[in-house]
Structure formats: C-alpha cells, structure tokens
Asker: 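This is the structure I have questions about; it appears just below.
Fair warning: this is a prediction, and the values are worked out from it, not measured in the lab.
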There are 2 protein chains.
Amino acid sequence: MNTTPKLEAAVTDLLVATGQLLRRLRAISNTRKLTWSQVAIMARLEEVGPMTIADLARAEAVKPQSMGGTLAAMEEEGLVERRPHPTDGRQILFTLTADGRETRRKVGLAKQEWLSAAFAKLKPAEQQTLISAVELIRKISDHE
Amino acid sequence: MNTTPKLEAAVTDLLVATGQLLRRLRAISNTRKLTWSQVAIMARLEEVGPMTIADLARAEAVKPQSMGGTLAAMEEEGLVERRPHPTDGRQILFTLTADGRETRRKVGLAKQEWLSAAFAKLKPAEQQTLISAVELIRKISDHE
DNA sequence: TATTGTTATACTCTATAACTATA
DNA sequence: TATAGTTATAGAGTATAACAATA
C-alpha cells in the first residue's frame, strides 16, 4: 500500500477545490475576458515559443481537433498568429501576437488583484506551502 | 507590499498547472464519465446534504441558470433528484440518488488509480505538502 | 503508412435576458 | 419588492468520425 485512503481523498479534494477556484476566477471581469484554456495556451506559447497544434494538444491533454478550434477562435481575435513550418509542410507554428502578449498582461492583472487579496489572508508559511505545491502539481500532471 | 511578484506568479502557475491536471484527468475513461462540474456538485451534495439551485450556484460561483441546466441534465441521468422545500414553495432541494452515490464511487476509483500512480512518484514530504495545500486552496476560493 | 491538420456534428457548461411563481 | 426557478438564445471548449495533404 503506497498511498493511504486519506492521501487519495486529499487529491480529489484538491481537484474539486481548484475547480471551484478556477470557476470563481473566471467570473472576474476584465476589459477583455480570457478563458483559462486560452490563458494556459498563451502562457505556454510565451514560455516555450512557437508550437504546433499537435504540440499544444499533447501539452494540454486534449484532441488536436479541439485545440485547432480553440486556436482558430484565438487567431480570429488576434491573440495568436500562424506561420508555416520552415521544413515540414504539414505543420503550422503558432505564436503570440503583440496584442496577445499585451492582453495576457492586462487580464492577468485583474485576476492578480483578486488573488493578492485572497492570498494576503494567508500566513507567510501557508503562502510558501502553496508555492511549493505548484511544482508538485506540475509533476503530477506530467504523469503518463 | 503584501505579496511579492514571485508569489503572484506562483498562483497563476498554480491555476495553469491545475487546469492542465483537470484536463488530463477528464480524459480518463470510466464506465460512465462525469465532468468535473458534476463531480464537484456531487461531492458537495454528499458532504453538505440537500441544497437548492441557488445554494449550489453560489457555492460553485456560477449563475443560477447555468446551475439549473447542469442539474437538469444530471437529473435526466438519474444522478440527482429534486424535492420541494417543506416550507418555502419557491425552493427546490436536490439530493444524490443511490445511483448517483454509486456512480460517484466508481468514477472516483478510475481517477484515483491514475492519481495514485502519479502520487507514488512523489516523496512523502512532497505528498504532505500537497495535502496541506488543499485546505489553503479552499480558503482562497472562499474569498469574496 | 504515419503524421498533421481540417471539416462536420454533437454535447456540456457557461452567460445574458426575459419571464413566472412564491415570500 | 425581493427571491427562486425556468425558458430562450448564444458562445466556448470538448469529443468522435471522416477526410486531404505531406513526410
């Protein structure tokens, strides 16, 4: 027995709790609303650089068709742009536009205001625990 | 300055990372698939007891109309059932059906298998950090 | 053949707006 | 009036299935 029932229940709780947090944050209005799928895609494009539909679909654990639709909508809004792959004619590389980067920054601020207020209620040690947890959640997400 | 930039970035990362985790877990197939909205509603009904549409909408930070639609679909599937409020004729109380509780248990198992494997890769101290983080995320979610 | 991407169709969750019924 | 719920409409994100283009 590697994981106790208590441990497993805690992780389910983690997902339920974070699901709620995501929904609450989505409700925060901005000049230009971004969904969390869009936020995730834009964060990845800015951190990793140009990526194909297949890359992004794998990274976000959705089907390529789904990712294609989401990217098409974002392209329509001018948040991202497509560019043919230099050597592989099948692939299309997506990058953030200047407007995409700017929008990402602005929308981030509105959500950060709310988060900062919520965060300020926690003790410093608790804040540190949350920061440590981020890296662990990322590790778990990378599990096959 | 109560929160450092590093702290704020960490929380955004938390949301992006958990968003990915949620998407990955949704892809896990079961005999009967539940969305994470459904999982959250069912967890709440089992823990808190009978709740109205307005109660659940507030708890999950969505509009009553949205919650009404989701609950109607779940009722159609036999996961929840409605009952008039004993004294207030406007309100409707929702509870889990026996099938809802059973489904919740089964679907939970499939996701738990994946989580257990992912969890087993972490060190005990890291697992403990994640458990502690759950309560903190809940605290943050309760912020107005 | 295998991979990348597109098109078509459908379902879930969400929102806004306008409505009815009850307190 | 205020609150609880419903109905109608729309948009985003997801899935499956079938297809075309390229490697």
Asker: Tell me: CD1 of I53(A) to P of dT7(C), nearest whole Å?
Answerer: 10 Å

Asker: Would you say E126(B)'s side chain and K123(B)'s backbone share a donor-acceptor pair under 3.5 angstrom?
Answerer: yes

Asker: Give G68(B) one of three labels, base, sugar-phosphate or nothing, depending on what nucleic acid heavy atoms sit under 4.0 Å from its own.
Answerer: nothing

Asker: Between atom CD1 of I92(B) and atom NE2 of H85(B), what is the distance when rounded to the nearest 0.5 Å?
Answerer: 11.5 Å

Asker: Quick check: do K139(B) and L122(A) have side-chain heavy atoms less than 4.5 Å from each other?
Answerer: yes

Asker: I need the CG-P distance between L71(A) and dT4(C), as an integer number of Å.
Answerer: 15 Å

Asker: Given dT4(C), is OP1 or OP2 found less than 4.0 Å from the side-chain N or O atoms of R82(A)?
Answerer: no

Asker: What is the separation between atom CD1 on I41(A) and atom P on dT14(D), rounded to the nearest whole Å?
Answerer: 7 Å

Asker: Please examine the side chains of I140(A) and F119(B), heavy atoms only from C-beta on, and report whether any two atoms are closer than 4.5 Å.
Answerer: yes

Asker: Rounded to whole Å, how long is the line connecting atom CD of Q91(B) with atom P of dT22(C)?
Answerer: 13 Å

Asker: Count I, L, V, M, F, W, Y as connected when their side-chain heavy atoms are under 4.5 Å apart, and connections chain through other members. Are L93(B) and L96(B) then in the same cluster?
Answerer: no

Asker: Please report, rounded to the nearest Å, how far the P atom of dG5(C) is from the CD1 atom of I92(A).
Answerer: 6 Å

Asker: In whole angstrom, give the distance that lies between atom CG of L34(B) and atom P of dT14(D).
Answerer: 18 Å

Asker: List the protein contact pattern of nucleotides 10-17 of chain C with one symbol per nucleotide (5' to 3'): B for base contact, S for sugar-phosphate-only contact, - for none; contact means a heavy-atom distance under 4.0 Å.
Answerer: --SSBBBB

Asker: Inspect the contact between R44(A) and E47(A) and indicate whether a charged nitrogen and a carboxylate oxygen are less than 4.0 angstrom apart.
Answerer: no

Asker: Grab the CZ-P distance between R90(B) and dT22(C) for me, whole Å please.
Answerer: 11 Å

